[in-house]
Every structure is written in structure tokens, then in C-alpha cells.
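Keep in mind the model is a prediction, meaning the values are calculated, not measured. Per chain, numbering begins at 1; letters A, B, ... match sequence-line order.
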Number of protein chains: 2
Amino acid sequence: MTKNPAATAPAPRRNLAREVVLSLRQEIISGKLRPGAPLSEPVLSRQFAFSRAPIREALIELEREGLVQFETTGRTRVRTLAETDFDEIVEARMALESMGARRACARWTAKDTAWIERNIAAEAKASTLPELSRLDIELHEYVMRRCGNQRLLALWQSIRWQFEMCLALTHRSQQKLAFKPRSITVKAHRRLLAALASGKLEIAAQTMSAHIEESLEWSPAETPAEDAKTRAKAEGVA
Amino acid sequence: MTKNPAATAPAPRRNLAREVVLSLRQEIISGKLRPGAPLSEPVLSRQFAFSRAPIREALIELEREGLVQFETTGRTRVRTLAETDFDEIVEARMALESMGARRACARWTAKDTAWIERNIAAEAKASTLPELSRLDIELHEYVMRRCGNQRLLALWQSIRWQFEMCLALTHRSQQKLAFKPRSITVKAHRRLLAALASGKLEIAAQTMSAHIEESLEWSPAETPAEDAKTRAKAEGVA
DNA sequence: GGCGGATAAGTTGTCGACACTACACCTCAA
DNA sequence: TTGAGGTGTAGTGTCGACAACTTATCCGCC
């Protein structure tokens with residue numbers, strides 16, 4: 001979407017670390033860094049030409065976001081996802097976003113409706129699956145920002161990247177946008193908008209919950225889990 | 001309660017940092033470190049006799065837990081809480097725990113019922129408000145552990161300490177246990193147990209949500225927000 | 001030829017040091 | 001007395017280095 005009125009601004013602190021976080025996060029989400037790929041501090045330190053301190057902080061941040069895992073041995077890897085992980089994340093989103101929708105509904109204005117309508121219009125014109133996914137996530141983020149509960153938003157953001165990582169892993173095989181997902185998404189978001197603008201809190205919460213749950217249906221059945229072969233390959237690359 | 005079967009075990013990594021986290025978290029939650037108190041890395045470094053590196057990591061972890069805030073200037077303080085913060089946290093708990101109860105309900109066993117019953121029995125004998133609070137939180141943690149969704153549990157744990165911090169701040173004035181909260185808590189938890197053991201997912205979720213919401217009622221009306229005077233005093237102490 | 005052990009490389013956890021910045025205090029002038 | 005400016009102090013962000021540990025490699029032995 002164009003511009004998010006409640007755009008993220010703060011946290012100018014931890015600068016080099018922030019740079020590393022943004023870069024690595026992008027590489028993980030885009031799939032350039034595959035699950036299981038090792039993330040060694042000295043290697044990253046050389047790549048970024050930073051000392052190990054900011055690298056280390058960045059890895060801690062990424063671990064917090066669920067994109068990276070510290071093994072018991074101390075080694076760090078891009079997080080590997082099991083079959084159940086996508087379900088877990090969707091379920092967590094249902095919990096957070098249904099409450100978020102309830103609160104956002106209570107504070108809904110015409111401006112919010114206009115923003116969502118613009119987003120939906122962009123979705124209807126989306127030509128690739130990643131683009132559609134991006135618009136979809138931005139819509140959901142908008143609702144969470146509008147809910148007015150900073151904790152709820154923070155919790156949502158802390159699993160957001162895991163969700164995007166799952167999406168990217170499942171999208172890699174099917175880059176072409178099928179007709180179905182787009183029309184389904186647009187339709188579902190129209191229903192969601194109607195619920196949010198209706199002023200009925202329970203309806204908004206339930207519609208959001210149902211919408212997120214049904215996103216599992218047209219999501220690929222293939223599991224994002226990586227088998228040993230893929231992982232070995234990823235290690236070789238990185 | 002006695003022993004939690006799904007006790008936390010992992011993360012032996014980042015050892016000194018972990019020690020600092022546990023220590024500082026305890027001091028913040030217990031109220032020894034008041035909101036607004038400065039947390040300078042060199043000072044803590046001297047106190048713990050560690051280098052600044054583990055201290056720094058610990059502060060990042062505590063910031064993640066919401067107990068500590070980084071100011072735009074870079075300074076670090078014990079987080080100050082506004083009037084709305086307690087509501088925000090309770091609302092987030094409602095979102096997470098109602099979903100947690102739904103899932104736990106689906107996997108409920110007689111052993112779980114027995115554990116909760118022991119907890120409730122201990123609550124009925126609790127003699128202080130902090131003790132009752134501890135048992136209360138342990139019960140809720142048990143349900144979240146039993147829900148089987150690691151993400152949901154992780155999200156819950158990431159706001160747990162904020163909740164305990166709020167509790168401690170509001171409890172400081174009323175150390176003596178009034179008759180009412182204890183009987184109310186025990187009664188509510190009996191209802192909750194019945195719902196969880198009933199096998200009816202929606203009932204379990206709604207009961208949990210209502211239970212958490214009503215905890216706002218007998219919670220102190222006084223806000224945990226710190227005024228300038230208290231904050232200045234806290235700075236002087238630390 | 002296969003296996004065990006010693007050796008080498010690589011990685012993490014921790015440490016002390018330095019530059020830059022923000023803040024507090026103190027001095028000086030109006 | 002009050003305000004402005006300069007100075008000193010404290011704190012953060014970053015860096016390179018070292019010890020302990022884990023993993024991989026290679027050699028010797030069976």
C-alpha cells in the first residue's frame with residue numbers, strides 16, 4: 001500500500017545492529033538464506049565489515065523474532081520450520097488479531113475505511129503472489145496499529161516475520177498468481193472491512209478470526225519443513 | 001505450585017547474561033528497582049563484576065520483556081508504566097489465554113485436572129497477596145504450557161513479567177491479604193477448571209477470557225504510574 | 001580398507017579500551 | 001539574580017583480542 005499513517009519511526013538506537021537485522025531478515029524472508037543455514041558471527045562480521053558486537057545483537061533480535069535459532073551447542077542457524085509451525089503461527093495470529101479487530105472496530109473511522117478500500121483496490125490489481133501477500137500483511141498490520149493497544153501490536157510484530165518466512169517458503173514453488181487466491185483475498189477483505197466498519201465488536205473479532213483461519217485453506221498443502229538434503233545444500237551455499 | 005511437569009529447561013547459552021537477567025528481573029518485579037530508575041551499563045558492570053557485554057545482552061532481553069525501556073537518547077531505565085498499561089496487558093492476556101484455554105481444553109486430561117486442583121487447594125490456604133498472585137500466575141502458566149502451541153506460550157511469556165511488575169507495583173500498598181480476593185480467585189479458578197475439563201472449547205475460551213477480565217475488578221483502582229517525585233527518588237536510590 | 005585418536009580450524013562467551021554524545025555543573029557576564 | 005556558555009563527567013556504540021569449547025580433518029593403527 002502507499003503510506004501507512006502510523007508508520008514505524010522509533011528505535012534509532014543500536015544502529016549497526018539494526019542494519020544487520022534488516023539485511024539478514026530480508027535475506028531470510030526472501031529465501032536467499034534457507035532454513036538451517038549457519039549464521040556464524042565471524043563470517044557475518046567479515047561480510048558486513050562490522051565488529052562482532054553489532055552482529056551478535058542482531059542475531060539476538062532475529063532470534064527474538066523467531067527467524068533464527070540458537071542451538072544447544074551454541075551455534076546459530078536460520079530457523080528450521082516443522083510442519084506444525086505454520087498452524088501455530090496462524091493460531092497465534094487468530095488470537096492476537098481477533099482481539100485487535102475488536103478494539104480497532106471500537107475506534108473505527110471513515111479514514112480507516114478509506115485506507116482499507118485503497119488497499120483492497122491495490123490487491124485486486126496485484127499481479128504476483130508476493131505482491132498480494134505484502135498487501136495482505138499490510139492490511140492486517142494496519143488493523144493492529146489501529147487497535148490502540150501497544151502490547152498487542154508488539155506481540156503481533158514479534159511473530160510477523162515468522163509468518164512472512166513461512167509464506168515465502170511456500171510461495172517459492174508457485175510464483176505465478178493463480179486467479180483464485182486473489183479474488184478470495186479481496187472478497188474476504190471486503191467482508192472484513194464491512195465487519196470493522198459495522199461497529200459490532202464481536203462480529204469484527206469473529207470475522208477476523210475466521211478470515212485468518214480460512215487463509216490456511218488455499219495455502220499450499222506442502223509443508224515448509226526442510227529435509228536433511230535441502231539443509232545440507234543450504235549449509236554448502238552459506 | 002509444586003512442580004510444573006513442563007518446566008522450562010533450555011537455553012543454557014548466554015550464561016552471565018542470564019544471571020543478570022534473573023537478578024534484575026527479580027529486583028524490578030519485587031519493586032526494589034522502581035520504574036524510572038536508571039540502569040547504566042558501567043554501574044551494573046561494577047555491581048555484578050561482569051564485563052559490559054553480558055550486561056548489555058541482559059538489558060536487551062529485559063527490554064524485550066517490557067521491564068526496561070531504551071530512551072531515544074540511548075539511556076536505559078526501568079520501564080515506567082502509564083495508567084493504560086495495565087489494561088493493555090490484561091487485554092493481551094485475554095487474547096492469548098482464551099486461545100490457549102481453547103487448545104488446552106482439547107488436550108485436557110485427568111492429570112491436568114489433578115494439577116489444577118492441587119493449585120487451587122494451595123490458593124485457598126494462601127496467606128499473603130503475593131503468594132496468591134504467584135499461585136494464580138502459575139495456574140495460568142500451566143494452561144498455556146498445556147495448550148501445545150509453542151508460539152502462543154512464547155508470546156504469553158513475553159508479557160508475563162510486565163504483568164507481574166504491574167501486580168507488584170499495585171500490591172506494594174496492600175500487603176495484607178483481604179478475604180475477598182482469595183475466595184474470588186478460588187471460585188473463579190474452580191469455574192475455569194470445570195470449563196477446561198468439560199471438553200467444550202468455546203466455553204473454555206470464554207470462561208478464561210471472562211476470568212481474566214474480571215480480575216481487573218478487584219484489582220486496585222490506583223494506577224501504577226509513577227509521578228515525577230517518585231521517579232526522582234528512585235533515581236536517587238539507584 | 002576401516003576405525004580411533006590426535007591435531008587443527010572454527011565459533012562462542014567474555015573482556016577491556018576507545019571515540020563520540022548527552023547531560024550536569026560550574027563560571028562568568030549582564 | 002538570572003541567563004548563557006564552557007567544561008567535566010558519565011554513558012553508549014563499537015572494536016579487537018583471548019580462553020574455552022565444539023567440530024572437522026588427518027594420520028596412524030588394527
Side-chain angles (χ1 to χ4, degrees), chain A residues 10-24 33 35-64 67-80 228 231-238, chain B residues 10-24 28 33 35-64 67-80 228-229 231-238:
Chain A
R13 198 202 189 195
R14 312 206 184 290
N15 241 334
L16 293 193
R18 188 144 202 88
E19 201 174 315
V20 176
V21 165
L22 293 177
S23 176
L24 284 183
L33 239 40
L39 296 170
S40 128
E41 289 173 14
V43 171
L44 293 172
S45 179
R46 282 189 289 272
Q47 283 180 4
F48 283 93
F50 298 155
S51 121
R52 267 182 57 210
I55 304 287
R56 196 177 172 80
E57 286 192 11
L59 290 179
I60 293 178
E61 168 68 17
L62 289 170
E63 192 266 347
R64 167 200 153 160
L67 300 185
V68 151
Q69 59 190 354
F70 297 140
E71 300 180 350
T72 53
T73 63
R75 298 299 158 91
T76 308
R77 293 185 183 282
V78 177
R79 182 159 183 180
T80 53
R231 170 167 160 179
K233 186 182 161 198
E235 293 190 25
V237 169
Chain B
R13 199 201 190 195
R14 314 209 183 290
N15 239 337
L16 293 192
R18 188 145 202 87
E19 200 175 316
V20 176
V21 166
L22 293 176
S23 176
L24 285 183
I28 293 174
L33 238 41
L39 296 169
S40 127
E41 289 173 13
V43 171
L44 294 173
S45 178
R46 281 190 289 274
Q47 283 179 5
F48 284 92
F50 298 155
S51 122
R52 267 182 59 212
I55 303 288
R56 196 177 172 80
E57 286 191 11
L59 290 179
I60 294 178
E61 169 66 18
L62 289 170
E63 192 267 346
R64 168 199 151 162
L67 301 184
V68 150
Q69 59 190 355
F70 297 140
E71 299 179 352
T72 54
T73 64
R75 300 298 159 90
T76 308
R77 292 184 185 283
V78 177
R79 183 159 182 178
T80 54
K229 202 175 294 175
R231 172 167 158 178
K233 184 182 161 200
E235 293 189 26
V237 169

Could you walk me through whether A:Leu39 and A:Leu33 pass the side chain to side chain contact (heavy atoms under 4.5 Å, CB included) check? CA-CA 10 Å; A:Leu39 296 170; A:Leu33 239 40; 3.8 Å; yes

I'd like to know if the side chain of B:Ser45 and the backbone of B:Phe50 have a donor-acceptor N/O pair within less than 3.5 Å.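 Answer holds: yes.
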
Dump the intermediate steps for side chain to side chain contact (heavy atoms under 4.5 Å, CB included) on A:Val21 and A:Leu62, then the final yes or no. CA-CA 7 Å; A:Val21 165; A:Leu62 289 170; 4.2 Å; yes

B:Arg79 and B:Leu67: CA distance, side-chain angles, deciding distance, side chain to side chain contact (heavy atoms under 4.5 Å, CB included) verdict: CA-CA 5 Å; B:Arg79 183 159 182 178; B:Leu67 301 184; 5.8 Å; no

If you find the nucleotide of DNA chain D closest to A:Phe50 and the one closest to B:Thr73, which residue's nucleotide is nearer the 5' end?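 Closer to the 5' end of DNA chain D: B:Thr73.
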
DNA chain D: B:Arg46 or A:Ala53, which has the more 5' nearest nucleotide?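 Counting from the 5' end, the first nearest nucleotide belongs to B:Arg46.
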
Given [options], which nucleotide is nearest the side-chain atoms of [X]?
X: A:Leu16; options: C:dG13, D:dC15, C:dT11; result: D:dC15
X: B:Arg52; options: C:dT12, C:dC15, D:dT14; result: D:dT14
X: A:Arg75; options: D:dT14, C:dC15, C:dG10; result: C:dG10

To the nearest angstrom, how far is [X] atom [atom1] from [N] atom [atom2]?
X: A:Asn15; N: C:dC20; atom1: CG; atom2: P; value: 16 Å
X: B:Glu57; N: D:dG13; atom1: CD; atom2: C1'; value: 15 Å
X: B:Phe48; N: C:dT14; atom1: CZ; atom2: P; value: 13 Å
X: A:Glu41; N: D:dC21; atom1: CD; atom2: P; value: 18 Å
X: B:Arg77; N: D:dG11; atom1: CZ; atom2: C1'; value: 12 Å
X: B:Ile60; N: D:dT12; atom1: CD1; atom2: C1'; value: 12 Å
X: A:Leu44; N: D:dT14; atom1: CG; atom2: C1'; value: 17 Å
X: B:Glu63; N: D:dT12; atom1: CD; atom2: C1'; value: 15 Å

Counting only distance, no hydrogens or angles, is the base of D:dG13 paired donor-acceptor with the side chain of A:Arg18 under 3.5 Å?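 Absent.
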
Sugar-phosphate, base or nothing in reach of A:Pro42, heavy atoms under 4.0 Å: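 Here A:Pro42 touches the bases of the nucleic acid.
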
Heavy atoms under 4.0 Å, any strand shown: does A:Ile55 hit a base, just sugar-phosphate, or nothing?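 Counting heavy atoms under 4.0 Å across all strands, no contact is made by A:Ile55.
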
A:Ser51 vs D:dT14: side-chain N/O to OP1/OP2 distance below 4.0 Å: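 It does not, given that no N or O in the side chain of A:Ser51 lies less than 4.0 Å from OP1 or OP2 of D:dT14.
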
Please test A:Leu24 against A:Leu44 for side chain to side chain contact (heavy atoms under 4.5 Å, CB included), starting from the C-alpha separation and ending with a verdict. CA-CA 10 Å; A:Leu24 284 183; A:Leu44 293 172; 4.1 Å; yes

